[in-house]
Amino acid sequence: MDGTTARQPLRTRSWWGWGWTDAHPDDAECAAMGALLPGTLARPLPVPAVRDLRIGGPAVEPPPSLAHLVTADPADRAAHAMGKAYRDVARALRGRPGRIPDLVARPADERAVADLLDWAGAHGVAVVPYGGGSSVTGGVEYRGDAHRAVLSLDLTAMRRVLEVDTEGRAARIQAGALGPDLEDQLRPYGLTLRHFPQSFEFSTLGGWLATRAGGHYATGRTRIDDFVQSMRVVTPAGTSSSWRLPASGAGPSPDRLFLGSEGALGVITEAWMRVQERPRFKASAAVAFTDFDAALRAVRDLARSDLAPANCRLLDPGEAALSGAAHDGSAVLVLGFESAHEPVDGRLASAVSLARSHGGRHGGNSGGGGPDGTRAPAGDRGGDAAVGAWREAFLRMPYLRDGLVRMGAVAETFETAAPWDRVPGLIDAVRTEVGAAALKATGHPATVNCRLTHVYPDGAAPYFTVLAAGRPGDEAALWDELKAVAVDVLHRYRATVTHHHAVGRDHRPAYDRQRPEPFALALRAAKGALDPHGILNPGVLVD
C-alpha cells in the first residue's frame, strides 16, 4: 500500500423514491416481489430520469442579494417537487411529479430565511419549507396555480447543534439537522435526543417539529412534542422565540401553536430540546400469539403497567409473515427495554410473564442492537431470530415498497389512534372494507395487515399496510380511492386521521372533519396574522 486511503464513493439520494439510489431493489428483485402479488405488471417500470421530465425555466429570479442562496438546477428542483408517499413514487415513475418548484433555496441562517420570506411575500411566490423531504402526506409539494412561482426552502444547511447544557440535559439544535447528524453531534457528550422515526436517516429536527412526528419508542415520550423546551420560528410577521423552561402554566403555549403547523404559520429554525444519557443496557424478546384479540389485551395491560417498554410492537399474522418474524399464522409481540443506568432483564422478564398470562409463547431473549435506528453487530443480536428479522424488515421496508410500486402495485401504509374499546372493531373494519374496495377496484384480493406501533394506557396506534394489484397508469387515483374508504372507517370510529404522519394535503379533508370549528376559526386567524400574503405552504391545514 502507498499509505493513502481509498476514497469511498459518495452515496446519492433518489429524486423519485425512498433513500439511497444504491439500496433500491434491482429489476430481478422487483419482478420476484411482483410475482407474489396477482395482477401486477409483467416487468418493472423503468427508473425515471430527471432529463425525461419537462422542466422549464423558473418564472421568477431572485434579487442579486439572494442569488447566492438559490438554485434553478433541474435535478435539484425535481428532487424537491414531492415527498415519498406511495402516490408520489407512483406519479414520478409515470413522469408526472406535479408542479416542480421554480427555485430551491438553502439559507444558512435566520437572517437569510427572513430575507427570502420578505422577497417571496412581495412577489407572490409560494414558499414550501423542506427538511429531508420524507413527507408521506403531500406536505412538501405545491398544488394549484394561485401563485406565480414556487420556492422550495431547504433548511438542511442549518444543521448544527449550537449549544449543549449537560447539567440541564438540553441542547439547542438547528432545524435542518438530519437525524444521524444530530446524534453524531450529541454523542461526544454521552447524550441522545432519543427520537428515532423510521425516516430517521432522511428527516430533520425541523420536519419532526413541524409535523408533530412520532418516534420509534412505543411508550413514554412517543412524540417529538415531549422533548421541546423552546422554539424559534421565523414568520413574515416577525420571529417568535419562546423562553426555555422546564414547564410553564402561563396561558396557551406558544410552542404548541407551531408544533404541527407544517410550515403554514412560519419556518422553524431552531429549538432547545430535552436530551438524555445514551442507553447502556438493552434487551428484547418476541412473544407469539395464536389469538390476536388476546394479544391486544396483553399489550393493553403492558401499557397500563409501570414497565414502560421502549418497544412494544404487536404484528398481526400477516405483518409478522411479511417481516419474517413468524410464518405459522401467529401474531408476534416485539418487546424491547433499555436504560442508561441499570440492567433491564428483570423488566423484560416481567413483561414476558404478563404476555404469557394472555396465552403468549416466548422463544428467547435478544441482547444488543435496539430501537435507535441502527443495526447491532451481527454477533450481538442474541438468540431471538424474530426480533432480528423484524428489525431488518423495518429498515428495509421503504425500499421494498418502491420495488413493488415499480411493478404497478399499490403498496402503502397509513396509521391512526383510538381508545382501547374501539381498537379491535376499528382494525377489523379497516381490514374488511379496504380489502373489499381493493377487490372491487382491481379484481384481485388485497392484503391489509396491521401492527400496533405506539401504546398508551388509554389507547393504541394501529398502523396498516395495504398491498394490492394496481391499475396501470392510474395507480395514484386507485390509492386515493382506497384511502378514502379507510378515512371513512376512521371517521366512523372517531379515530384520528393521523397519529404521526402529519396532515399535509392528502389528509386535509379528513382533518377538516376532525378538528372543532372554533379551533379552525382561530387557526385561520393565526394564518392571516402571521402570513398576510398567504405564501407559506399554501393548502396545508387552512386556506
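When reading the values below, keep in mind they use all heavy atoms of this one structure, side chains included, and skip hydrogens, waters and symmetry mates. All values reported here derive from a predicted model rather than from experimental measurement.
- Nearest approach of S230 to D255, heavy atoms of both residues: CA-OD2, 3.5 Å.
- Formation of a donor-acceptor pair under 3.5 Å by the D88 side chain with backbone atoms of A85 is found in this model.
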Salt bridge (Lys or Arg N to Asp or Glu O under 4.0 Å) for R274 and D226? Distances and angles first, verdict last.
CA-CA 8 Å; R274 297 179 177 94; D226 304 323; over 6 Å; no
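- Classification of the F464-F414 ring pair by plane angle, with boundaries at 30° and 60°, yields parallel.
- Considering R169, Q185, E183, Q276 in turn, R169 is the only one that fulfils the side-chain contact (heavy atoms from CB on, under 4.5 Å) rule with L191.
- With rounding to the nearest 0.5 angstrom, the OG1 atom of T219 is 9.0 Å from the CG atom of N311.
- Residues F281 and H341 form no side-chain contact, since every pair of their non-hydrogen atoms from C-beta on lies 4.5 Å or further apart.
- Under the 6.0 Å distance and 45° angle rule, R422 does not count as a cation-pi partner of Y493.
- Both the sub-6.0 Å distance and the 45° axial angle are satisfied by R431 relative to the ring of F292.
- Both tests hold for R244 against W272: distance to the six-membered ring centre under 6.0 Å, angle to the ring axis within 45°.
- By the neighbour-count criterion of 12 heavy atoms within 6.0 Å, atom CZ of R494 is sparsely surrounded, having that number or fewer from other residues, nucleotides or ligands.
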Please test L314 against R451 for side chain to side chain contact (heavy atoms under 4.5 Å, CB included), starting from the C-alpha separation and ending with a verdict.
CA-CA 5 Å; L314 176 62; R451 64 182 184 265; over 6 Å; no
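- Closest heavy-atom contact between P462 and L452: CA-CD2, 3.8 Å.
- Judged by distance alone, the side chain of R187 and the main-chain N or O of R278 form no donor-acceptor pair under 3.5 Å.
- In this structure, OG1 in T290 is found 9.5 Å from CG in D328, a value given to the nearest 0.5 Å.
- Between E481 and R471, at least one side-chain N (NZ, or NE/NH1/NH2) sits under 4.0 Å from a carboxylate O, which counts as a salt bridge.
- In terms of heavy-atom proximity, G17 sits nearest to V89 at CA-CG2, 4.2 Å.
- Q229 contributes no side-chain N or O that, together with a main-chain N or O of P246, makes up a donor-acceptor pair within less than 3.5 Å.
- Using a 4.5 Å heavy-atom cutoff, the side chains of V466 and T447 are not in contact.
- Cation-pi geometry between R361 and F289 is not met: the NZ or CZ atom fails to fall both under 6.0 Å from the ring centre and inside 45° of the normal.
- Within the model, atoms CZ of R508 and CG of D512 stand 4.0 Å from one another, a figure rounded to the nearest 0.5 Å.
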List the steps, then state whether salt bridge (Lys or Arg N to Asp or Glu O under 4.0 Å) holds for R160 with D181.
CA-CA 8 Å; R160 294 171 51 215; D181 293 338; over 6 Å; no
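- Summarising the local packing, CZ of R159 is surrounded by 12 or fewer heavy atoms from other residues, nucleotides or ligands at distances under 6.0 Å.
- No side-chain donor-acceptor contact under 3.5 Å links S203 to the backbone of S134.
- Residues I268 and M231 meet the side-chain proximity criterion, which asks for heavy atoms closer than 4.5 Å.
- Residues T137 and T498 fail the side-chain proximity criterion, which asks for heavy atoms closer than 4.5 Å.
- Cation-pi geometry between R401 and Y86 is not met at under 6.0 angstrom from the ring centre and within 45 degrees of the axis.
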Run the side-chain hydrogen bond (donor to acceptor under 3.5 Å, both in side chains) check on T166 and Y189 step by step: do they pass?
CA-CA 8 Å; T166 55; Y189 299 91; over 6 Å; no
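- Looking only at side-chain heavy atoms (C-beta outward), R513 and V487 come within less than 4.5 Å of each other.
- Ion pairing between R406 and D27 holds under the 4.0 Å rule for side-chain N and carboxylate O.
- Between K84 and D402 there is no salt bridge, since none of the side-chain N atoms of the basic residue sits less than 4.0 Å from a carboxylate O of the acidic one.
- Nearest heavy-atom pair across S261 and V540 is O-CG1, 4.5 Å.
- Judged purely by atom type and a 3.5 angstrom limit, R223 uses its side chain to pair as donor or acceptor with the backbone of R212.
- Counted by atom type alone, H501 and E415 present one or more donor-acceptor pairs between their side chains at under 3.5 Å.
- Side-chain contact between T211 and L259 is absent, with no heavy atoms from C-beta onward closer than 4.5 Å.
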Verify side chain to side chain contact (heavy atoms under 4.5 Å, CB included) between L155 and T204, making sure each step is shown before the conclusion.
CA-CA 9 Å; L155 275 295; T204 63; over 6 Å; no
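- G179 and W208 make their closest contact through CA-CH2, 3.8 Å (heavy atoms, listed as atom of the first residue, atom of the second, distance).
- The closest side-chain heavy-atom distance from L307 to L302 is below 4.5 Å.
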Side chain to side chain contact (heavy atoms under 4.5 Å, CB included) between M273 and H195, intermediate numbers included:
CA-CA 11 Å; M273 304 296 294; H195 183 77; over 6 Å; no
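- Aromatic ring centroids of F202 and W20 lie under 6.0 Å apart.
- The two residues A210 and G263 come nearest to each other via the heavy atoms CB-N, 4.4 Å.
- You'll find the side chain of L400 reaches within 4.5 Å of the side chain of E29, heavy atoms only.
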Using salt bridge (Lys or Arg N to Asp or Glu O under 4.0 Å), reason through R87 and D480 one step at a time and then give a plain yes or no.
CA-CA 8 Å; R87 67 189 320 278; D480 290 343; 2.9 Å; yes
Is there a salt bridge (Lys or Arg N to Asp or Glu O under 4.0 Å) between E277 and R194 once you walk through the steps?
CA-CA 9 Å; E277 291 182 60; R194 196 179 179 268; over 6 Å; no
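- In this structure, CG on L354 lies 12.0 Å from CZ on R356, to the nearest 0.5 angstrom.
- Although no hydrogens or angles enter the test, the distance criterion places a donor-acceptor pair under 3.5 Å between the side chain of H362 and the main chain of A286.
- In this structure, CG on L404 lies 15.5 Å from OH on Y399, to the nearest 0.5 angstrom.
- Side-chain atoms of T222 do not come within 3.5 Å of backbone N or O of A218 as any donor-acceptor pair.
- T432 places a side-chain N or O within donor-acceptor distance of the main-chain N or O of D428, the cut-off being under 3.5 Å.
- A donor-acceptor pair under 3.5 Å is formed between the side chain of R505 and the backbone N or O of E141.
- From H499, atom NE2 reaches atom OH of Y456 across 3.0 Å, with rounding to the nearest 0.5 Å.
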Using the rule given for ring pair (Phe, Tyr, Trp, His ring centres under 6.0 Å), can you reason through H500 versus H454, listing the C-alpha separation, both sets of side-chain angles and the distance that settles it, and then say yes or no?
CA-CA 10 Å; H500 57 267; H454 301 76; 5.1 Å; yes
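- Judged by distance alone, the side chain of E262 and the main-chain N or O of G504 form a donor-acceptor pair under 3.5 Å.
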For V430 and C450: C-alpha separation, side-chain torsions, deciding distance, then whether side chain to side chain contact (heavy atoms under 4.5 Å, CB included) applies.
CA-CA 9 Å; V430 168; C450 178; over 6 Å; no
